[in-house]
Amino acid sequence: MKQSYYPQEIEKKWMKIWEEKKVFKTDNNSDKPKYYALSMFPYPSGKLHMGHVRNYTITDVIARFKKANGFNVLHPIGWDSFGLPAENAAMKHNADPEKWTDENIAYMTQQLKMLGLSYDWDREVTTCKPDYYKWTQWIFLQLYKKGLVYKKEAAVNWCPDCGTVLANEQVIDGKCWRCDSEVEKKYLSQWFVKITQYADELLKDLDLLKGWGDNVKTMQANWIGKSHGAIFRFPVVDAPSGEKMEVPVYTTRPDTVHGITYLVVAPEYKDIEKLTTTENKQAVEEYRANARKMSEIERLSTDRTKTGVPLGTHCKNPFTGEIFPLWTADYALVEYGTGAVMAVPTHDTRDFDFAKKYNLPLKVVIQNPEHPSTCETEAYVDEGVLVNSGEFNGMKNTEAKKAITQKAVDEGFGEFKTQFRLRDWLISRQRYWGAPIPVVYCDKCGIQPVPEDQLPVLLPKDVDFSVVGKSPITTSPTFKDTVCPCCGGHATREMDTMDTFICSSWYYLRYADANNDKECFNKDIVNKWLPVDQYVGGIEHAILHLLYSRFFTKALRDCGLLDFDEPFANLLTQGMVLKDGSKMSKSKGNTVDPDEIFENYGADTARLFILSDSPPARDFDWSDAGVEGCYKFLNRVWRLVSSNAENISPCHSELVSGSIQNKDNDDLVRTVHMAIKGITNDITNEFQFNTVISKYRELVNAIYDWQGKKSDLNDEDKNVLSFAIVSMLKLMSPVAVYLTEEAWHEIGGEGSIHDQAWCKWDENLAKSSSITLVVQVNGKVKDKIEVDAEISKEDMEKQALNSEKVKALTDGKTIVKVIVVPKKLVNIVVK
RNA sequence: GGGCAUGUGGUGGAAUGGUAGACACGCUAGUCUUAGGAACUAGUGCGCAAGCGUGGGAGUUCGAGUCUCUUCAUGCCCACCA
């Protein structure tokens, strides 16, 4: 008999058996209730890191727990496999990114299997394969048909030295990640997805997501950024052309409208040239050219002092008749609101800074009656009462917002306006390793979508990855030229590929029906499996991926492809894996390679440890000593099973404590019931795996203690021991997947332990036979008395008052009150 | 600047408003061993003690780590959004 536990040998054996028998295959036609457990799928970067191990172990334990509890569980995995690292590797070695990707997937697949994850591998999804991106392209076309995809001119990150567009991720501190030169902005025609059309619903439906943390919901709400304000239109009084013009502004502070002393338009404002006088033209042009060149990071940096130039023209404030100058300044953003800002330096810190710098006038219109401010040294941005505001004087500013906007509405120069910060999603990437955008450009017919029966538009293979300064896809001699689907004449293909976030915005739908080659997924099957019951992933996806996926679900719903509103019912954002207090990273040299842990301690140890020390949502500090401790614990469990194997039967009878003669046996049975209850509740509530594992340890310690009191085992002893050990193995089976399977067979169990039903507990047995009665005097613990668990309130009080320690403290004092908490404590209040 | 978290022993962390420090790591003794970085046993918040203890200060309560207010510190995310 084995006296010590050899994970390498045991784990490899079971890994193979489970794989051959497809133990974790999911049946689409089961009549059990469904449960969809999902981890965010990985980018095939080469090797798993500990963050993956944590993420997938958490989801795996949930999936196994739900399966044991009678659910038909969908637990799939796939690969978010388009993206820059593959292309970079390809460019470095002038090799095919597909080869690099495939090799990584093969390696990581082995690692995932080693980790003992209960995936249904028949549903594996790989976003860079034509059988997947065909449907990504098809979905793009549906969105195009719906008007949710459009093309427009937009600024991109441009590296002048490499002559190429950079993704945001490739811009590091405003510089090119490859050549370190300053990144500029450049205007190109780009594809956009109209996510803003769903801004209101994306915000409103956050309320439906009861199973999401408030932190993630708040981040999304802030990102969507709904604000209520007004649009005011200011007539231009001296447009150089003499034409009648007006400048509309958006403001959330209509109450300050009487305090306007100037007006700012963004450098990219569409009418800016028509609003500039001849004398100011040169200065304005120079300022705009400079702003265009500046990188996003430079421009948006807050510590930068504000700059701007006057246009030379003026507007009239329709509320006051005052004339004020127009300026351009890059603190006005062309993409937000109307691209123009009404400046009230007295009540806005940005306007204040700008006005001080350029000596623009200040006019106070809001005051705190108790502490009036002249706003000479700083803007007064808090609430107050209107002054210098004509008919609105004396009104509270919160009320004035409405009244003033209403006046503008009535007189025809303004309206109420709701504004979002959310922008449309730029999805064009001037890159090779992505899904080609299925569009062609015909000289005669213009933009033409590729007909659906011609999908997929395959990535060309005849490309040169060594090129610098352009996307490798443009070097293909065969890709560019094609035929117009409309007129049959010559057309050229779109050379841009899609942002990989598109691919990852619908993969969770594909899992439900992963091998469908007729449609992206069958509507009924998707309706059956979705929404995902539990989604697990890193907080870093709190905004982009989760928002895009929510948008996709709503858009596909409106295309008639599915019938639900939100894709992820419950979301668990796991914390980071740290080492020595900082995030594991190659540059810091504090990474831990999962392979080494598997090799030295086994996957069960890795699984146990990664769950043990912190609750899932919190950051987890890796410690080598902790791994060692988990390994020792598993060996301790193994010794407990193997040294008792011949005393244990896997089919123990149901144990009722009344029929048990021996006190130690009764205590152990109660301990087991308490463990079942506690562990089940800890998993069910918030997935508190760290306390689950401490309860494993308590249970194992209790069995060892029990064993220490026994020499020869009688039938009752054996029965109780069997009950304890079999329960322990079942409770541990979602975490220590290999050890429990091996142990299950060691004691003669049939089939797989992973097909066994979860343990049940008896409420009457899930408590100990005696309790510690805590006696407090004035809220401080003074005595503890061991009493029967069924003690009455009266007896509790009597026992407490009889305590010698209590008597000593209450002698000669008045007992004001006695509080009795049933079966817990007595508090005696004395004076 | 805004938002969101989090503050408990030497360390990771437990505690439906009811025994603070479960369970571990570490450490200290000891047992068994040729040896042990294995296993087992005992101990381990601080303080000689009365007592004191959950970042600080107030409050609610018979009773507060937990609830309220306030303050400080740390971390993360967003950041010229008018």
Side-chain angles (χ1 to χ4, degrees), chain A residues 3-4 213-219 221-223 225 227 229 249-253 256 263-264 266 299-304 306 329-333 335-344 347-351 353-354 381 419-423 539-540 542-543 575-576 578 581-583 609 612-615 617-630 632-633 635-636 639 678 681 685 688 690-701 704 708 771-784 816-830:
Chain A
Q3 285 297 323
S4 78
D214 286 338
N215 55 342
V216 176
K217 285 194 274 190
T218 309
M219 281 161 85
N222 289 343
W223 189 262
S227 65
V249 304
Y250 171 73
T251 181
T252 53
R253 292 295 305 273
T256 64
L263 197 146
V264 179
R299 185 175 156 177
L300 294 182
S301 145
T302 23
D303 21 281
R304 200 172 136 250
K306 292 183 174 40
D330 61 11
Y331 82 91
L333 308 172
E335 312 91 19
Y336 187 75
T338 63
V341 183
M342 62 175 226
V344 184
H347 306 296
D348 181 284
T349 52
R350 294 154 302 185
D351 298 341
D353 293 345
F354 192 81
V381 297
Q419 180 72 38
F420 293 94
R421 296 176 59 152
L422 184 69
R423 310 280 156 79
I539 187 80
E540 67 273 18
I543 296 173
M576 288 187 298
L578 311 176
S582 56
K583 189 177 177 178
F609 177 59
S612 67
D613 266 8
S614 294
R618 227 181 295 175
D619 286 349
F620 177 92
D621 212 329
W622 183 273
S623 90
D624 295 334
V627 179
E628 195 77 36
C630 285
K632 286 180 188 172
F633 173 67
N635 273 297
R636 189 167 146 83
R639 281 195 307 276
N681 287 342
N685 310 330
Q688 284 192 51
N690 55 328
T691 54
V692 167
I693 285 160
S694 68
K695 287 180 172 98
Y696 290 165
R697 292 177 183 272
E698 284 174 359
L699 178 58
V700 170
N701 290 344
Y704 267 105
I771 56 162
T772 307
L773 172 62
V774 174
V775 185
Q776 297 182 332
V777 176
N778 288 343
K780 302 239 181 244
V781 179
K782 295 297 174 187
D783 201 3
K784 294 172 188 180
V816 182
K817 205 173 182 183
V818 179
I819 287 127
V820 182
V821 182
K823 294 171 191 181
K824 269 218 175 83
L825 67 73
V826 177
N827 187 14
I828 299 156
V829 186
V830 297

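Here is how names work: the chains are called A, B, and so on, in the same order as the sequence lines, proteins then strands, and each is numbered from 1.
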**Asked** Looking only at atom P, what distance separates U8(B) and G57(B), rounded to whole Å?
**Response** 16 Å
**Request:** May I have the distance from K632(A) (atom NZ) to G37(B) (atom P), rounded to whole angstrom?
**Result:** 10 Å
**Item:** Within 45° cone and under 6.0 Å: K306(A) NZ/CZ vs F354(A) ring
**Value:** no
**Request:** In whole angstrom, give me the gap between the C1' atoms of G13(B) and A24(B).
**Result:** 9 Å
**Inter-nucleotide P distance (G17(B), G65(B)), Å rounded** = 13 Å
**Message:** Do V775(A) and K782(A) have side chains that approach each other closer than 4.5 Å (heavy atoms only, starting at C-beta)?
**Reply:** no
**Prompt:** For atom C1', what is the distance between U19(B) and U66(B), given to the nearest Å?
**Reply:** 15 Å
**Message:** So for N827(A) and C62(B), does any side-chain atom that can act as donor or acceptor lie under 3.5 Å from a complementary atom in the base?
**Reply:** yes
**Message:** Within the 4.0 Å heavy-atom criterion, would you say Q776(A) contacts the bases, only the backbone, or no part of the nucleic acid?
**Reply:** base
**Message:** Work out how far the C1' atom of C27(B) is from that of G37(B), and round it to whole angstrom.
**Reply:** 15 Å
**Item:** Complement of U44(B), any strand, by Watson-Crick or G-U distances under 3.5 angstrom
**Value:** G26(B)
**Request:** With heavy atoms under 4.0 Å as the rule, sort S227(A) into base, sugar-phosphate or nothing.
**Result:** sugar-phosphate
**Request:** Considering only atom C1', compute the distance from U31(B) to G36(B) and round it to an integer number of Å.
**Result:** 14 Å
**Request:** Hey, which sits more toward the 5' end of RNA chain B by its nearest nucleotide, A340(A) or E698(A)?
**Result:** E698(A)
**Request:** Find the partner of G36(B): check Watson-Crick (N1-N3 plus N6-O4 or O6-N4) and G-U wobble (N1-O2, O6-N3) distances, both under 3.5 Å, and reply none if neither fits.
**Result:** none
**Prompt:** Side-chain donor or acceptor of K695(A) under 3.5 Å from a matching atom on the base of C23(B)?
**Reply:** no
**Request:** Send over the distance from R618(A) CZ to A14(B) C1', rounded to a whole Å.
**Result:** 10 Å
